[in-house]
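Some notes on the structure that comes next.
Since the structure is predicted, the reported quantities are computational estimates derived from the model, not experimental observations. Note that these values count all heavy atoms, side chains included, but never hydrogens, waters or copies made by symmetry.
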Amino acid sequence: MFHPDDQVGPYSRDFDHDRYGGARITQASFDGDGLLIFDPLGGPVQGLTSEEPSEGGFVEIVGGANDEWVFRINVSPMTGRIVVERVDP
């Protein structure tokens, strides 16, 4: 999805703000890099202009006062189904 104010680049979000409670993305892995792109139907694809389905992947988020919680968001290939799990830090 392109950013609404900048049709050249992909839409992205900077989480370095207090309103996110100190949560940080510490890992992301999709098709060999950290970029997750969905097609218009919600399925993950390999690139911004690609129609080739992604192999899926995950994003790991850490937060809390002393990094006491970690969540892994798994994205399934083809469907883009999301499964969130809490993992031990």
Side-chain angles (χ1 to χ4, degrees):
M1 179 165 112
F2 289 101
H3 192 286
D5 297 330
D6 179 12
Q7 294 294 315
V8 177
Y11 185 82
S12 64
R13 173 67 61 199
D14 180 6
F15 290 98
D16 189 19
H17 193 281
D18 289 340
R19 69 178 158 196
Y20 297 111
R24 298 181 327 280
I25 295 175
T26 57
Q27 291 187 65
S29 179
F30 297 94
D31 303 308
D33 62 34
L35 187 61
L36 172 61
I37 300 170
F38 292 98
D39 68 13
L41 298 176
V45 291
Q46 290 188 11
L48 193 57
T49 58
S50 174
E51 294 181 15
E52 189 70 29
S54 169
E55 295 178 9
F58 70 91
V59 174
E60 201 164 89
I61 300 174
V62 175
N66 296 308
D67 293 343
E68 67 256 15
W69 52 260
V70 179
F71 285 92
R72 180 174 273 206
I73 302 167
N74 297 297
V75 180
S76 298
M78 298 295 290
T79 64
R81 180 175 183 251
I82 305 280
V83 176
V84 179
E85 63 180 324
R86 188 169 185 158
V87 294
D88 291 329

Sequence neighbours excluded, the answer for ring-ring contact (aromatic ring centres under 6.0 Å, His included) partners of F58 is none

Using a 3.5 Å cut-off and no angle test, enumerate the donor-acceptor pairs between side-chain atoms of residues 27-47 and protein atoms at least two apart in sequence or in another chain.
| residue | atom | partner | partner atom | Å |
| --- | --- | --- | --- | --- |
| Q27 | NE2 | E60 | OE1 | 3.0 |
| D31 | OD1 | E55 | N | 2.8 |
| D31 | OD2 | S54 | OG | 2.6 |
| D33 | OD1 | L35 | N | 2.9 |
| D39 | OD1 | L41 | N | 2.9 |
| D39 | OD1 | G42 | N | 2.9 |
| D39 | OD1 | G43 | N | 2.8 |
| Q46 | NE2 | P53 | O | 3.1 |

Ignoring hydrogens and angles, write down the donor-acceptor pairs under 3.5 Å from the side chains of residues 63-70, residues two or more places apart or on other chains.
| residue | atom | partner | partner atom | Å |
| --- | --- | --- | --- | --- |
| D67 | OD1 | R24 | NH1 | 3.0 |
| D67 | OD1 | R24 | NH2 | 3.4 |
| D67 | OD2 | R24 | NH2 | 3.2 |
| E68 | OE1 | A65 | N | 3.1 |
| E68 | OE1 | N66 | N | 2.9 |

Output for pair (I61 CD1, I73 CD1), nearest 0.5 Å, gives 3.5 Å

With the 4.5 Å side-chain cut-off for hydrophobic clustering, are V59 and F71 part of the same group?
-> yes

Tracing side-chain contacts under 4.5 Å among Ile, Leu, Val, Met, Phe, Trp and Tyr outward from V83 reaches none

Which residues satisfy the salt bridge (charged side-chain N to carboxylate O under 4.0 Å, His left out) test with R81, sequence neighbours excluded?
-> none

Partner residues of E85 under the side-chain contact (heavy atoms from CB on, under 4.5 Å) criterion, sequence neighbours left out | R72, N74, V87

